[in-house]
Each structure stands twice: as structure tokens, then as C-alpha cells.
Amino acid sequence: MKDGIYSLLKAKFLISDDALKNWKFIVFLVILGMMAIANNHQYDAKNYRITELTNQVKELRSEFVDRRSELMKLKMESTVAKKMETREIFPSEVPPVKIVVESKENKNSFWDKLKIWQ
């Protein structure tokens with residue numbers, strides 16, 4: 001037992017006859033560790049980017065709501081009327097009339113018109 005611990009502390013497993021097998025395993029572990037560290041860095045970078053984009057989306061959404069409310073205010077008839085008064089354009093006193101245009105498909109035949117006329 002004491003001899004095994006002593007040989008481990010002296011790293012005799014790295015210089016013995018079958019040391020090549022041990023070195024391959026150590027190199028494999030080092031490469032695996034480096035890959036784990038690189039993967040962790042990529043994960044952190046993506047996480048920061050996601051957080052940054054989420055904050056940007058929140059800011060843009062609030063700006064959109066502000067602009068939409070401004071637009072609604074500007075589209076109101078009273079606001080438009082006030083702006084037109086400065087140009088001496090006033091709202092009409094006469095209500096609008098709906099104009100209906102019949103298409104060729106909806107026109108009644110001559111016989112249908114006679115039935116209506118009777």
C-alpha cells in the first residue's frame with residue numbers, strides 16, 4: 001500500500017514501460033477538459049446575447065406602444081379638425097352621402113326592371 005502511494009507521488013506511471021498508454025489517456029482528458037471549457041464559454045456568450053436581445057425587444061415594444069398611442073391621438077377627428085383650423089379648413093356641416101356603383105353582374109335584366117316598375 002505504502003509502495004503504491006509512493007510510486008503514484010513520484011509519477012512512476014508516466015515513465016514506466018507502458019507509459020504510452022497512460023500518456024494517451026492524460027492527453028485525452030486534457031483535450032476533453034479544454035472542450036468543456038470552450039463549450040462553457042460559448043454557452044455564456046450566447047446567454048449574454050439572449051439577455052441583451054430580450055432587453056432590446058422590451059425597449060422596442062414599449063417604444064411601439066408609445067408611438068401607437070401617439071398615432072391614435074393624431075388620428076382623432078378633433079385633433080385633425082384643430083390642425084385644419086389653422087389652415088382655415090373647417091369640418092363639413094352636411095353629412096356624407098354614400099355612393100353605390102352597380103357592377104355589370106348585378107344589373108337586372110330588362111324583364112326584371114319591368115317587374116319592379118309595375
Side-chain angles (χ1 to χ4, degrees):
M1 181 74 175
K2 185 178 179 183
D3 197 31
I5 294 173
Y6 185 68
S7 68
L8 182 67
L9 290 175
K10 283 204 163 209
K12 286 188 179 181
F13 64 94
L14 295 176
I15 54 172
S16 64
D17 293 337
D18 60 345
L20 183 62
K21 179 178 69 172
N22 294 335
W23 276 106
K24 286 180 184 178
F25 184 68
I26 290 172
V27 169
F28 171 73
L29 288 179
V30 168
I31 291 173
L32 198 63
M34 289 174 66
M35 287 174 57
I37 290 170
N39 190 27
N40 194 22
H41 282 293
Q42 280 185 332
Y43 172 76
D44 287 342
K46 284 183 182 179
N47 223 1
Y48 288 134
R49 181 76 174 138
I50 288 171
T51 304
E52 180 182 309
L53 289 174
T54 303
N55 290 339
Q56 225 175 16
V57 165
K58 286 179 183 177
E59 288 175 20
L60 290 173
R61 187 170 287 138
S62 67
E63 184 179 342
F64 166 73
V65 169
D66 290 343
R67 302 279 181 190
R68 187 173 55 185
S69 64
E70 285 177 30
L71 177 64
M72 294 301 241
K73 221 180 271 184
L74 289 173
K75 282 173 45 176
M76 290 174 59
E77 186 179 350
S78 59
T79 308
V80 173
K82 283 180 187 176
K83 288 194 180 221
M84 290 295 113
E85 282 177 8
T86 59
R87 297 179 182 180
E88 296 182 4
I89 299 174
F90 301 101
S92 175
E93 306 269 333
V94 180
V97 177
K98 185 174 183 180
I99 300 173
V100 179
V101 178
E102 290 185 16
S103 66
K104 291 180 180 179
E105 297 166 355
N106 290 342
K107 281 190 175 178
N108 297 331
S109 68
F110 176 73
W111 300 110
D112 292 336
K113 289 182 182 178
L114 280 178
K115 288 178 188 175
I116 294 173
W117 199 40
Q118 293 174 354

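Residue pairs meeting the salt bridge (charged side-chain N to carboxylate O under 4.0 Å, His left out) criterion with at least one member in residues 72-95: none, sequence neighbours excluded.
With sequence neighbours excluded, no residue forms a salt bridge (Lys or Arg N to Asp or Glu O under 4.0 Å) with Glu59. Residues that satisfy the side chain to side chain donor-acceptor pair (under 3.5 Å) test with Glu52, not counting sequence neighbours, are Arg49.
In this structure, Val80 is not a member of the same hydrophobic cluster as Phe90, with clusters built from ILVMFWY side-chain heavy atoms closer than 4.5 Å. In this structure, Met35 is a member of the same hydrophobic cluster as Val27, with clusters built from ILVMFWY side-chain heavy atoms closer than 4.5 Å.
Taking CD1 from Ile26 and CD1 from Ile31, the interatomic distance works out to 12.5 Å, rounded to the nearest 0.5 Å. Distance CG/Asp44 to CG/Asn39: 10.0 Å, rounded to 0.5 Å. Separation of atoms CE (Met76) and CE (Met72) is listed at 10.0 Å; rounding is to 0.5 Å.
Pairing each heavy atom of Ile50 with each of Thr54, the nearest pair is O-OG1, 2.7 Å.
Phe28 has its side chain within reach of Leu32: a pair of non-hydrogen atoms, C-beta onward, lies under 4.5 Å apart.
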